[in-house]
**Q** 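Got a structure for you, questions after.
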Amino acid sequence: MLDIREIGRDPEGFRHRLARRGAVPGLDELIELDARRRALIQQGDALRHAKSEAEKGMRTADKQGAEFAAFRDQMRTVAADIKRVAEEQKATEAQLDELALVLPNVPDAAVPDGTSEADNAVRRVWGERPTFDFEPKAHWAIGEALGGLDFAAGAKITGARFTVYRGALARLERALASYMLDLHTGRHGYTEVLTPFLVNADSMRGTGQFPKFRDDAFETTDGLVLVPTAEVSLTNLHRDEILEAEALPIRYAGWTACFRREAGGYGRDTRGLIRQHQFQKVELVHLVAPDASEQALEALTGHAEAVLQGLGLHYRVVDLCAGDLGFGAARTFDLEVWLPGQDAFREISSCSNCRDFQARRAAIRYRAPDQKKPQLVHTLNGSGLAVGRTVVAILENYQRADGSVVVPEALRPYMGGLEIIA
RNA sequence: GGAGAGGUGGCCGAGCGGUCGAAGGCGCUUGACUCGAAAUCAAGUGUGGGUUCGCCCACCGUGGGUUCGAAUCCCACCCUCUCCGCCA
């Protein structure tokens with residue numbers, strides 16, 4: 001959520017910066033509603049003040065006397081007025097929320113202009129494309145041939161876009177998650193956190209998925225939501241909290257399954273593991289002081305990159321343009337891994353600085369040493385990495401002519417020493 | 001799932017219809033005392049909102065209700081604890 005007061009101070013500036021994302025939002029109604037809200041608060045406060053004055057009079061008045069009766073009648077009207085104004089205020093705030101909660105974050109000044117993926121700026125490239133003396137296959141063909149990826153079984157027991165892993169490939173998923181967590185906790189200073197895979201609607205609102213992207217989520221009949229990413233559970237861990245300055249920065253690494261309905265995503269990546277309703281991911285979350293978030297995004301991106309480097313996978317870092325930025329992000333670096341089977345770079349990690357956008361929604365604050373009032377923290381998140389897509393990358397990059405797949409060295413200790421999946 | 005107890009400020013804990021944003025204690029901050037520290041004494045110490053920057057208003061798990069008036073009474077929900085049942 002954006003600061004409405006800030007918007008009111010500079011509507012044109014906000015309109016301009018938000019327009020970089022594509023849609024031009026109507027901010028006038030928002031500003032008008034906020035003004036009305038404030039007027040109603042003043043009205044209500046004045047009425048409540050009158051009420052407490054009358055109440056003071058009643059305390060001392062003779063309960064049988066005429067004075068008491070007069071006060072009581074006065075209180076009756078004031079109470080009715082209070083109720084009326086409060087209802088109006090509630091309705092106004094509901095309207096205000098409806099608008100404010102669906103406004104996306106403002107892109108950082110450094111974000112490149114553009115309207116689509118095609119306008120993203122490649123910042124750096126690591127490693128080189130592997131060469132093959134045969135035609136490299138797509139991961140689904142490799143996995144199926146190895147008997148390790150069973151798409152038909154997934155479709156049977158659950159439905160489309162669910163996959164069953166078997167044998168060495170099932171273990172590969174598990175090995176990757178362990179490898180990633182060990183790297184981040186052992187070398188990058190993260191605390192490992194294992195969270196529930198179900199969260200409540202407040203958490204979804206806190207990180208920005210609700211209300212705008214409600215259709216993308218799987219919801220249970222108990223009113224809980226399957227997490228689309230551990231970003232939700234990890235960031236909301238500190239919802240409605242005031243942190244001590246010494247507690248920052250906070251760095252969490254969490255593994256979860258992630259669930260996405262991919263509503264509207266049908267037709268894209270229908271084959272293979274790229275776009276599933278359920279996948280595993282190791283997520284990295286930072287909570288930092290505002291002046292530290294830019295640096296933290298660089299660090300977080302580096303931590304995600306370290307996984308790809310450790311696995312020897314060729315990738316590039318892309319600075320998302322304004323039009324391609326996610327809802328809550330002010331700046332995002334995507335990591336795109338090279339997939340020989342598709343002859344393309346594909347996203348395997350997305351690292352974002354949300355600044356105070358999520359913190360304002362989720363009320364995550366800290367006691368800044370030089371400030372009287374608690375200040376909003378900045379939140380960041382990034383995949384470190386999407387595990388399923390990492391399996392894809394390994395299958396396609398480490399495949400051999402005979403259909404076997406070499407296990408990257410870093411993973412072998414997690415695979416019981418296995419060197420070749422055949 | 002059943003029975004019972006309970007949710008109050010950073011923590012503990014009073015409060016049982018008006019004088020309660022809320023006693024008391026702990027913690028923390030500042031000052032006094034001291035060479036310094038401890039002890040002691042004194043003062044301060046929640047969050048959010050509005051503001052004509054004097055102040056004003058709201059918040060006692062959440063949401064409703066009763067009442068002139070609710071932390072206090074009623075209803076629903078959420079959460080915690082104890083016991084029973086079921087279960088990986």
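Just so we're on the same page: letters track the sequence lines, and every chain starts at 1. Note that this is a predicted model, so its numbers are computed, not measured.
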**Q** Checking base pairs now: Watson-Crick or wobble, both atom distances under 3.5 Å. What partners B/U51?
**A**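 Pair assignment: B/U51 / none.
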
**Q** Please name the nucleotide paired to B/C20 by Watson-Crick or G-U wobble geometry with both distances under 3.5 Å, or report none.
**A**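 Pairing partner: none.
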
**Q** Go nucleotide by nucleotide along RNA chain B from the 5' end; which of A/Ser52 and A/Arg38 gets its closest nucleotide reached first?
**A**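 This one resolves to A/Arg38.
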
**Q** Compare side-chain N and O positions of A/Lys90 against OP1 and OP2 of B/G63 and report whether any pair is under 4.0 Å apart.
**A**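 No, because none of the side-chain N or O atoms of A/Lys90 sits under 4.0 Å from OP1 or OP2 of B/G63.
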
**Q** Please list, for nucleotides 45-48 of chain B, all pairs of protein and nucleotide N/O atoms separated by less than 3.5 Å.
**A**
residue, atom, partner, partner atom, Å
B/U47, OP1, A/Arg367, NH1, 2.9
B/U47, O3', A/Arg365, NH1, 2.9
B/G48, OP1, A/Arg365, NH1, 2.8

**Q** Does a side-chain N or O of A/His49 approach OP1 or OP2 of B/C56 to a distance below 4.0 Å, or not?
**A**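 Looking at the OP1 and OP2 atoms of B/C56, neither is under 4.0 Å from any side-chain N or O of A/His49.
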
**Q** A quick test of your reading: do over 12 heavy atoms of other residues, nucleotides or ligands sit less than 6.0 Å from CD of A/Gln278?
**A**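 Yes, enclosed.
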
**Q** Any salt bridge linking A/Lys90 with A/Glu87? Criterion: basic side-chain nitrogen under 4.0 Å from a carboxylate oxygen.
**A**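 Salt bridge flag = no for A/Glu87 with A/Lys90.
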
**Q** Take atom CZ of A/Arg76 and atom P of B/U67, then tell me their distance rounded to the nearest Å.
**A**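 It is 9 Å, rounded to the nearest whole Å.
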
**Q** Mind checking the P distance from B/G6 to B/G61? Whole angstroms is fine.
**A**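 Comparing P positions in B/G6 and B/G61 gives a spacing of 14 Å.
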
**Q** Just name whichever nucleotide pairs with B/C86, Watson-Crick or G-U, keeping both distances under 3.5 Å, else none.
**A**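 B/C86 is unpaired by these criteria.
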
**Q** How many Å lie between CD on A/Gln74 and C1' on B/G69, as a whole number?
**A**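 For the pair A/Gln74 CD and B/G69 C1', the rounded distance is 13 Å.
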
**Q** Would you call the rings of A/Tyr190 and A/His303 parallel, tilted or perpendicular, taking 30° and 60° as the class edges?
**A**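 Ring orientation, 0 to 90° scale: perpendicular.
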
**Q** In whole angstrom, give me the gap between the P atoms of B/C81 and B/G13.
**A**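 The answer is 16 Å between these two P atoms.
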
**Q** Between A/Phe357 and A/Phe327, is the gap from one ring center to the other below 6.0 Å?
**A**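 Judged by ring-centre distance (under 6.0 Å), A/Phe357 and A/Phe327 do meet the cut-off.
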
**Q** Provide, to the nearest angstrom, the distance between the CD1 atom belonging to A/Ile82 and the P atom belonging to B/U67.
**A**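 Computing the A/Ile82:CD1 to B/U67:P distance gives 16 Å.
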
**Q** Can you confirm whether A/Arg187 is buried at CZ, in the sense that more than 12 heavy atoms of other residues, nucleotides or ligands lie under 6.0 Å from that atom?
**A**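 No.
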
**Q** In this structure, how many angstroms lie between the P atom of B/G61 and the CG atom of A/Asp202, rounded?
**A**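 So the CG-P distance, A/Asp202 to B/G61, works out to 18 Å.
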
**Q** Tell which nucleotide pairs with B/U80, taking only Watson-Crick or G-U wobble pairs whose two distances are both under 3.5 angstrom.
**A**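 Answer to the pairing question: B/A5, which forms a Watson-Crick or G-U pair with B/U80.
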
**Q** Across all strands, who's sitting opposite B/C11 as a Watson-Crick or G-U wobble pair, both distances under 3.5 Å?
**A**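 When the pairing criteria are applied, B/G25 turns out to be the nucleotide that pairs with B/C11.
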
**Q** In the structure shown, which nucleotide is the Watson-Crick or G-U wobble counterpart of B/C60, with both distances under 3.5 Å?
**A**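 Its partner is none (no Watson-Crick or G-U wobble pair with both distances under 3.5 Å).
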
**Q** Taking the six-membered ring for Trp, are A/Phe218 and A/His277 parallel (under 30°), tilted (30 to 60°) or perpendicular (over 60°)?
**A**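 Ring orientation, 0 to 90° scale: perpendicular.
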
**Q** Using atom C1' of each nucleotide, how far apart are B/G17 and B/C83 to the nearest Å?
**A**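 Each nucleotide's C1' atom is 35 Å from the other's.
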
**Q** Take atom CD of A/Glu53 and atom C1' of B/C57, then tell me their distance rounded to the nearest Å.
**A**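 In whole Å, B/C57 C1' lies 12 Å from A/Glu53 CD.
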
**Q** Check the chi torsion on B/G7 and let me know: syn if it falls within 90° of 0, anti if not.
**A**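 The base of B/G7 is oriented anti (glycosidic angle more than 90° from 0).
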
**Q** In whole angstrom, what separates A/Leu40's CG from B/G49's P?
**A**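 Rounded to the whole Å, the gap is 17 Å.
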
**Q** Which of these nucleotides, B/C68, B/U51, B/G49, is closest to any side-chain atom of A/Met75?
**A**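 Minimum distance to the A/Met75 side chain belongs to B/C68.
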
**Q** Does A/Asp108 come within less than 4.0 Å of A/Arg17, counting only side-chain N to carboxylate O?
**A**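 So A/Asp108 does not pair with A/Arg17 through a salt bridge.
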
**Q** Does A/Arg48 make a side-chain N or O approach to OP1 or OP2 of B/C59 shorter than 4.0 Å?
**A**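 Result: no.
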
**Q** Can you pull every protein N or O that's under 3.5 Å from an N or O on nucleotides 86-88 of chain B?
**A**
none

**Q** Is A/Glu6 salt-bridged to A/Arg9, cutoff N-O under 4.0 Å?
**A**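 Yes, this pair counts.
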
**Q** Spell out, as yes or no, whether a donor-acceptor pair under 3.5 Å connects the side chain of A/Thr158 to the backbone of A/Ala155.
**A**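 A pair under 3.5 Å: no.
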
**Q** Choosing from B/C57, B/G49, B/G18, which nucleotide comes nearest the side chain of A/Glu55?
**A**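 The answer is B/G18, which lies nearest to the side chain.
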
**Q** Round to the nearest Å and state the distance from A/Arg37 atom CZ to B/C57 atom C1'.
**A**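 Answer to the nearest Å: 13 Å.
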
**Q** More than 12 non-hydrogen atoms from neighbouring residues, nucleotides or ligands closer than 6.0 Å to NZ on A/Lys212, yes or no?
**A**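 Count over threshold, so yes.
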
**Q** List the atom of A/Leu325, the atom of A/Ala330, and the distance in Å for their closest heavy-atom pair.
**A**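 Where A/Leu325 meets A/Ala330 most closely, the heavy atoms are CD2-O, 3.8 Å.
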
**Q** Write down the distance separating the P atoms in B/A3 and B/G85, rounded off to the nearest Å.
**A**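 The same atom, P, in both gives a distance of 15 Å.
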
**Q** Please state the P separation for the pair B/C79 and B/G10 - nearest whole angstrom.
**A**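 The answer is 23 Å between these two P atoms.
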
**Q** How far does the P atom of B/G44 sit from the matching atom of B/G49, given to the nearest Å?
**A**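 Nearest-Å result for B/G44 against B/G49 at atom P: 25 Å.
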
**Q** In whole Å, what is the span from the CD atom of A/Glu246 to the P atom of B/C28?
**A**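 Taking atom P of B/C28 as the reference, CD of A/Glu246 is at 14 Å.
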
**Q** If I pick the P atom on B/U19 and the same atom on B/G54, what distance separates them, to the nearest angstrom?
**A**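 Here B/G54 and B/U19 have their P atoms 28 Å from each other.
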
**Q** For B/A14 and B/C73, measure between their P atoms and round to the nearest Å.
**A**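 One P to the other, the span is 15 Å.
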
**Q** So which nucleotide does B/A70 pair with, by the Watson-Crick or G-U wobble rule with both distances under 3.5 Å?
**A**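 Partner of B/A70: none.
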
**Q** Taking 4.0 Å as the cut-off, does a side-chain nitrogen or oxygen of A/Gln42 come that near to OP1 or OP2 on B/C56?
**A**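 For B/C56, neither OP1 nor OP2 has a side-chain N or O of A/Gln42 closer than 4.0 Å.
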
**Q** Does the structure show a Watson-Crick or G-U wobble partner for B/G31, both distances under 3.5 Å? Name it, or say none.
**A**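 Looking at the geometry, B/G31 pairs with B/C41.
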
**Q** Would the number of heavy atoms belonging to other residues, nucleotides or ligands and lying under 6.0 Å from CD of A/Glu117 be above 12?
**A**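 Check fails, neighbour count at 12 or below.
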
